[in-house]
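A short write-up of the structure that comes next.
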Amino acid sequence: MGTVTYEYIRKNDDIITYIKKADAALEAIGFTEHSFAHVEKVASNASWLLENLGYSERECELAKIAGFMHDIGNIINRIDHAQSGAAMAFRLLDRMDMPADEIATVVSAIGNHDESTAQPINPVSAALIIADKCDVRRSRVRNTDFIKFDIHDRVNYAVEKAELLLNDEKTALTLEIVIDTEISSVLEYFEIFLQRMLLCKRAAGFFNLAFKMKVNGTSVL
């Protein structure tokens, strides 16, 4: 058994293909971008959170690996994509001779990231949930015709900035977002993302962190 690194995962031709094909499948049914911009941002933020909370370098790397691979199950179907993605990740990582305990950490995180079934069962899964659900940004919108925007397009396009911040005392994690309210209201944001934000609150609680939100400088959660 050897050490499977994040850089190796990022350059693996099979995984790259699955990410591309999964994103194409989502594009075909009208979903926002789930390609490399998304998975690399999720990988980075999940690792950042664990690093700043004092977790080991290897745990941070496992979070990056889980973040990069977390959406490959969309190639099978959007429904239950977390579970199918976990099964795919198991096969891929097992063939790379990753140790069983590390595979277990990665696949359990992937299998628990979708809001319909998600549970923060370990540090990597909790970090993945937060990093994934907080990736909201204008550049994820594929639709170029503003007139044909649905509420998902409108809400994502309205977000001009989104940033995760950990306070100095490491007691609170805050998602600060800037929304153009001429494009979408704050109420519409919560209409789409309330369940995700409540899931982030639960995942932050795994680390004994309060989860807070500021929208246009005002605390809303």
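Computation of the quantities below employed the complete heavy-atom set of this structure, encompassing side-chain atoms and omitting hydrogens, waters and symmetry-equivalent molecules. Please read all numbers here as calculations on a predicted model, not as lab measurements.
- With 3.5 Å as the limit, one finds a donor-acceptor pair spanning the side chains of D132 and H70.
- At distances below 3.5 Å, not a single donor-acceptor pair connects side-chain atoms of D114 with backbone N or O atoms of A118.
- In terms of the ring pair (Phe, Tyr, Trp, His ring centres under 6.0 Å) criterion, F190 has no residue partners (sequence neighbours excluded).
- Heavy atoms from other residues, nucleotides or ligands lying under 6.0 Å from CZ of R91 number 12 at most.
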* Residues N122, S125; criterion side-chain hydrogen bond (donor to acceptor under 3.5 Å, both in side chains); working and verdict -> CA-CA 5 Å; N122 57 44; S125 68; 3.2 Å; yes
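- Taken together through direct or relayed side-chain contacts under 4.5 Å among Ile, Leu, Val, Met, Phe, Trp and Tyr, V136 and V141 form parts of separate hydrophobic clusters.
- The CD atom of E163 sits 11.5 Å away from the NZ atom of K214 when rounded to the nearest 0.5 Å.
- In the hydrophobic clustering, I29 connects to L26, F31, either directly or through intervening members, whenever side-chain heavy atoms lie under 4.5 Å apart.
- H113 and I110 get closest at one heavy-atom pair: ND1-O, 2.7 Å.
- Contact detail for P120 and F206: the closest heavy-atom pair is O-CD1, 3.3 Å.
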Using residues 12-22 as the side-chain source, report each donor-acceptor pair under 3.5 Å to any protein atom, sequence neighbours left out, with the distance given to one decimal.
residue : atom : partner : partner atom : Å
N12     : OD1  : D14     : N            : 3.0
N12     : OD1  : I15     : N            : 3.0
T17     : OG1  : D13     : O            : 2.9

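- The side chain to side chain donor-acceptor pair (under 3.5 Å) test applied to N52 returns no partner, not counting sequence neighbours.
- The side-chain heavy atoms of T32 and N143, taken from C-beta on, include no pair separated by under 4.5 Å.
- Side-chain contact check for L93 versus I9: some heavy-atom pair is nearer than 4.5 Å.
- Looking only at distances, no side-chain donor or acceptor of S185 sits under 3.5 Å from a matching main-chain atom of T181.
- In this structure, CD1 on I79 lies 9.5 Å from OG on S116, to the nearest 0.5 angstrom.
- In plain terms, the two heavy atoms of E61 and R58 that are nearest each other are OE1-NH1, 2.8 Å.
- In this structure, L128 belongs to a hydrophobic cluster whose other members, linked by side-chain heavy atoms under 4.5 Å apart, are V42.
- Summarising the geometry of H152 relative to D150, their closest heavy-atom pair is N-OD1, 3.1 Å, with the distance given to 0.1 Å.
- Taking R137 as the reference, E33, D135 meet the salt bridge (Lys or Arg N to Asp or Glu O under 4.0 Å) condition, with sequence neighbours excluded.
- Cluster annotation: F193 and Y157 are assigned to distinct hydrophobic clusters (Ile/Leu/Val/Met/Phe/Trp/Tyr, side-chain heavy-atom contacts under 4.5 Å, transitive).
- Among residues two or more places apart in sequence or in another chain, the side chain to side chain donor-acceptor pair (under 3.5 Å) test is passed with E7 by R10.
- Between Q83 and T117, the side chains place a donor N or O and an acceptor N or O closer than 3.5 Å (distance only, hydrogens not considered).
- Under a cut-off of 6.0 angstrom, the local environment of OH in Y8 is sparse, with at most 12 non-hydrogen atoms contributed by other residues, nucleotides or ligands.
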* To do: Test F207 against K170 for side-chain contact (heavy atoms from CB on, under 4.5 Å), laying out the working first.
  => CA-CA 10 Å; F207 301 113; K170 298 182 181 179; over 6 Å; no
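- Annotation: side chain of D180 is in contact with side chain of I183 (closest heavy-atom distance under 4.5 Å).
- The shortest side-chain heavy-atom distance between I130 and N45 does not fall under the 4.5 Å cut-off.
- Not counting sequence neighbours, the partners of R142 by the salt bridge (Lys or Arg N to Asp or Glu O under 4.0 Å) test are D23, E27.
- Using a 4.5 Å cut-off between side-chain heavy atoms of Ile, Leu, Val, Met, Phe, Trp and Tyr, with links allowed through other members, L165 and L49 fall into different hydrophobic clusters.
- Between the side chains of S56 and E59, at least one donor N or O lies within less than 3.5 Å of an accepting N or O.
- R154 forms no cation-pi arrangement with F149, by the criterion of a distance under 6.0 Å to the ring centre and an angle within 45° of the ring axis.
- When all heavy atoms of M88 and I76 are compared, the closest pair comes out as SD-CD1, 3.8 Å.
- For the side chain to side chain donor-acceptor pair (under 3.5 Å) condition, the pairs that include at least one residue of residues 191-208, sequence neighbours left out, are E115-R196.
- Here the side chains of L166 and W48 are in contact, with some heavy-atom distance below 4.5 Å.
- Evaluated for a side chain to side chain contact (heavy atoms under 4.5 Å, CB included) with V124, the options I65, N112, L50, I129 yield exactly one hit, L50.
- One finds no salt bridge joining E176 and K212 here, because no Lys/Arg side-chain nitrogen approaches an Asp/Glu carboxylate oxygen to under 4.0 Å.
- E182 meets the side chain to side chain donor-acceptor pair (under 3.5 Å) test with no other residue; sequence neighbours excluded.
- Judged by distance alone, the side chains of T218 and N216 never bring a donor and an acceptor atom under 3.5 Å apart.
- Once rounded to the nearest 0.5 Å, the distance linking CG of L62 with CD of E102 reads 4.5 Å.
- In this structure, SG in C200 is found 9.5 Å from CG in L221, a value given to the nearest 0.5 Å.
- No option in V220, I177, L194, I151 other than I177 meets the side chain to side chain contact (heavy atoms under 4.5 Å, CB included) test with Y189.
- Ring geometry for F36 against F68 counts as tilted: the plane angle lies between 30° and 60°, on a 0 to 90° scale.
- Counting only distance, with no hydrogens or angles, the side chain of S47 and the backbone of S44 share no donor-acceptor pair below 3.5 Å.
- Here the shortest heavy-atom pairing between I179 and S184 reads CG2-O, 3.5 Å.
- If you take NZ on K41 and CG on L164, they are separated by 8.0 Å, rounding to the nearest 0.5 Å.
- Remark: T174 pairs with no residue by the side chain to side chain donor-acceptor pair (under 3.5 Å) rule, at least two apart or across chains.
- Residue F90 holds its CZ atom at 12.0 Å from CE of M69, rounded to the nearest 0.5 Å.
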* To do: Starting from the C-alpha separation in whole Å, work towards a yes-or-no answer on side-chain contact (heavy atoms from CB on, under 4.5 Å) for F211 and L175.
  => CA-CA 8 Å; F211 182 75; L175 174 62; 4.1 Å; yes
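- Through direct or indirect side-chain contacts shorter than 4.5 Å among Ile, Leu, Val, Met, Phe, Trp and Tyr, L187 is connected to no other residue.
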* For the pair V159 and V178, evaluate side-chain contact (heavy atoms from CB on, under 4.5 Å) and give the outcome as yes or no after the intermediate values. => CA-CA 6 Å; V159 176; V178 177; over 6 Å; no
